[in-house]
Protein chains: 2
Amino acid sequence: MSEPDTKAKILKTAEELFAIDGFHHTSLRKITTKAGVNLAAVNYHFGSKESLLGAIFDRHLGPLNEIRIKRMEAVAALAEKSGERPGVEEVLRCFTEPTLALLHSDASTGYFRMLVGRSLSDPDPTVRQLFLQRVRDVLELLVDLLCQALPHRSRESVAWKLQFSLGAMSQTLTFQNHGPILGSLAKDKSIDDVIEMLTEFIVKGMEG
Amino acid sequence: MSEPDTKAKILKTAEELFAIDGFHHTSLRKITTKAGVNLAAVNYHFGSKESLLGAIFDRHLGPLNEIRIKRMEAVAALAEKSGERPGVEEVLRCFTEPTLALLHSDASTGYFRMLVGRSLSDPDPTVRQLFLQRVRDVLELLVDLLCQALPHRSRESVAWKLQFSLGAMSQTLTFQNHGPILGSLAKDKSIDDVIEMLTEFIVKGMEG
DNA sequence: GCGTATTTCAAACACTCGTTTAAATTATTT
DNA sequence: AAATAATTTAAACGAGTGTTTGAAATACGC
């Protein structure tokens with residue numbers, strides 16, 4: 001190979017540009033120019049622009065979901081053994097806290113955080129599907145656990161509240177990307193603080 | 001004029017297509033073909049594609065925001081007079097309930113509902129700005145009132161929670177558009193029921 | 001060092017897009 | 001009815017898109 005891996009450079013650059021400008025507003029020419037590789041390299045290494053996005057998702061979402069599922073299974077096992085219901089907060093943190101861990105493990109994942117936020121509510125069904133098919137299993141498991149934690153609520157009701165929560169997450173994850181909707185406000189908080197506030201918000205909403 | 005108002009036909013058709021397919025995935029050719037008017041009519045009557053979107057926003061957002069502001073001012077006046085703080089739920093409903101009223105006033109506004117949901121989290125800053133500049137004043141007033149209702153919370157904290165709420169609303173408003181994230185679940189609810197659940201969700205999150 | 005396979009490269013392809021133009025048509029005014 | 005203004009129309013413009021191609025360059029096995 002000539003340079004330190006053309007494929008890796010494309011992945012890194014595309015992740016950043018997709019996060020900042022969005023999938024459809026980022027052309028392959030912008031990516032390849034910024035990465036310093038040839039235009040045709042994307043189609044050669046990834047097949048298509050869509051597959052490139054899929055590869056970016058896979059890179060981070062695989063490990064992340066593994067951690068989430070392990071934590072949720074642990075919570076479920078503990079609940080089974082003790083005979084008590086799992087707590088709503090305990091369950092939800094299985095989902096939100098690994099995100100924080102990911103963000104701290106590698107500075108470059110900040111872009112991935114934004115990309116996920118975008119993908120949750122992208123107008124294009126292709127982008128949403130590409131993302132959702134990689135988290136569907138985790139979400140189903142999450143609903144299962146939440147139903148255990150909230151036995152008096154219907155599954156539909158729990159699913160809808162999770163939908164609300166994902167919307168709130170989307171707004172959070174794109175932080176410093178979209179920028180807060182309310183201009184001057186709410187700027188001087190770290191992503192950690194914001195995610196903590198978010199977690200409290202959705203826990204109360206779920207329980208309420 | 002030849003037909004029952006070319007301009008009106010464009011507005012109606014564009015509103016529907018922007019809501020369903022998103023602003024950038026809807027070409028002027030799709031709009032004009034479906035509306036049965038000439039391609040150049042959009043630029044003639046509205047100047048540009050962006051201005052067309054702005055005109056769609058103006059049409060519904062003007063009346064809607066007027067109602068919201070009046071309700072909020074009434075709540076503020078009552079609080080002043082009685083010397084008591086307004087309730088969080090009371091304040092938030094000033095914002096959410098007029099949406100319901102709009103949806104019931106005219107069946108065709110269902111598309112506008114989706115369009116607003118999209119615009120709240122569109123990857124393109126142009127679309128977001130176009131929308132946000134028309135609701136900024138209402139949102140600022142809403143933060144003011146929420147701060148009155150929650151005097152022990154910082155303004156930043158309130159603004160962030162409103163940001164979370166708007167994310168949750170976005171997911172709700174695109175309902176039957178994006179489709180629920182969780183496939184088979186959460187489908188057989190009317191938009192009224194869902195908005196009621198949403199309101200309860202964000203009230204608890206705000207208070208918590 | 002040679003031959004094979006992999007990777008890079010510039011160029012072109014086939015579209016789609018929003019916008020503009022200038023002529024033809026329709027409405028309105030005088 | 002003639003003249004002016006407003007609207008509609010078909011066609012083209014220029015720029016941008018993802019993808020494909022076939023030749024050049026590089027890397028690797030023997």
Side-chain angles (χ1 to χ4, degrees), chain A residues 1-57 115 118-119 122-131, chain B residues 1-57 115 118-119 122-131:
Chain A
M1 301 156 198
S2 53
E3 299 291 310
D5 216 347
T6 301
K7 205 169 168 179
K9 283 199 287 185
I10 294 175
L11 273 174
K12 185 173 181 292
T13 310
E15 183 171 313
E16 178 178 340
L17 291 179
F18 285 164
I20 292 175
D21 299 327
F23 180 71
H24 280 96
H25 286 76
T26 305
S27 67
L28 294 183
R29 282 165 181 82
K30 267 189 229 152
I31 297 171
T32 51
T33 301
K34 175 153 190 185
V37 303
N38 187 270
L39 169 61
V42 171
N43 287 281
Y44 177 77
H45 285 286
F46 296 94
S48 71
K49 192 187 177 188
E50 273 187 25
S51 304
L52 169 59
L53 180 59
I56 293 172
F57 284 146
L115 179 58
R118 301 218 111 133
S119 307
D122 197 285
D124 179 27
T126 310
V127 175
R128 272 200 326 283
Q129 291 299 94
L130 226 50
F131 172 72
Chain B
M1 302 157 197
S2 53
E3 300 289 309
D5 216 347
T6 301
K7 206 170 168 178
K9 283 198 288 186
I10 294 174
L11 273 173
K12 185 173 181 292
T13 309
E15 183 172 311
E16 178 178 339
L17 292 178
F18 286 165
I20 292 175
D21 299 326
F23 180 71
H24 280 95
H25 285 76
T26 304
S27 67
L28 294 183
R29 284 167 178 82
K30 267 190 230 154
I31 297 172
T32 51
T33 301
K34 176 155 189 183
V37 303
N38 187 271
L39 169 61
V42 171
N43 287 281
Y44 177 78
H45 285 286
F46 296 94
S48 69
K49 193 187 177 188
E50 273 187 26
S51 304
L52 169 58
L53 180 59
I56 293 172
F57 283 146
L115 179 58
R118 302 216 109 132
S119 307
D122 198 284
D124 179 28
T126 311
V127 174
R128 272 199 326 281
Q129 291 299 95
L130 226 49
F131 172 73

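Here the structure is a predicted model, which means the values were calculated and not measured. Throughout, protein chains are lettered first and strands after them, A, B, ... in sequence-line order, and every chain is numbered starting at 1.
- For A:S48, the side-chain contact (heavy atoms from CB on, under 4.5 Å) partners two or more places apart in sequence, or in a different chain, are A:E50, A:S51.
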Under 3.5 Å, which protein N or O atoms sit close to an N or O of nucleotides 10-17 of chain C? Give each pair with its distance.
| from | atom 1 | to | atom 2 | distance (Å) |
| --- | --- | --- | --- | --- |
| C:dC17 | OP1 | B:S27 | OG | 3.4 |

Write down the protein N/O and nucleotide N/O pairs, taken from nucleotides 4-6 of chain D, whose separation is under 3.5 Å; answer none if there are no such pairs.
none

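- Atom P of nucleotide C:dT20 and atom NE2 of B:H45 are separated by 15 Å, given to the nearest angstrom.
- For B:I56 against B:A14, the heavy-atom pair with the smallest separation is CD1-CB, 3.8 Å.
- In this entry the distance linking CG of A:D5 with C1' of C:dT6 reads 13 Å, nearest Å.
- Checked against side-chain hydrogen bond (donor to acceptor under 3.5 Å, both in side chains), B:K34 has the following partners two or more places apart in sequence or in another chain: B:E16.
- The distance from atom NZ of A:K7 to atom P of D:dA27 is 18 Å, rounded to the nearest whole Å.
- Here the P atom of nucleotide D:dT17 and the CD atom of A:E50 are 17 Å apart, to the nearest Å.
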Dot-bracket notation for DNA chain D, counting Watson-Crick and G-U pairs under 3.5 Å, with | for partners on another strand: |||||||||||||||||||||||.|||.||
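- When all heavy atoms of A:H25 and A:D21 are compared, the closest pair comes out as CB-O, 3.2 Å.
- Every ring-ring contact (aromatic ring centres under 6.0 Å, His included) that A:F131 has, sequence neighbours left out, goes to A:F57.
- Under the rule for a side-chain hydrogen bond (donor to acceptor under 3.5 Å, both in side chains), B:K7 has no partner lying at least two apart in sequence or in another chain.
- Residues A:V37 and B:F23 each lie close to DNA chain C; by heavy-atom proximity, the contact nearer the 5' end of the strand is made by A:V37.
- Distance B:F46 CZ to C:dG18 C1': 16 Å, rounded to the nearest Å.
- Computed from coordinates, the A:N43 CG to D:dT17 P distance equals 14 Å when rounded to whole Å.
- The side chain of A:T6 places an N or O atom within less than 4.0 Å of a non-bridging phosphate oxygen (OP1 or OP2) of C:dT8.
- Contact between A:A41 and A:I10 at its shortest, heavy atoms only, is CB-CD1, 3.8 Å.
- Every side-chain contact (heavy atoms from CB on, under 4.5 Å) that B:T32 has, sequence neighbours left out, goes to B:V37, B:L39, B:V42.
- The side-chain contact (heavy atoms from CB on, under 4.5 Å) search around B:K12 returns none, not counting sequence neighbours.
- Listed by chain and residue number, nothing satisfies the side-chain hydrogen bond (donor to acceptor under 3.5 Å, both in side chains) test with A:S27 (two or more places apart in sequence, or in another chain).
- Counting only residues at least two apart or on different chains, no side-chain hydrogen bond (donor to acceptor under 3.5 Å, both in side chains) pair has a member in residues 36-47 of chain B.
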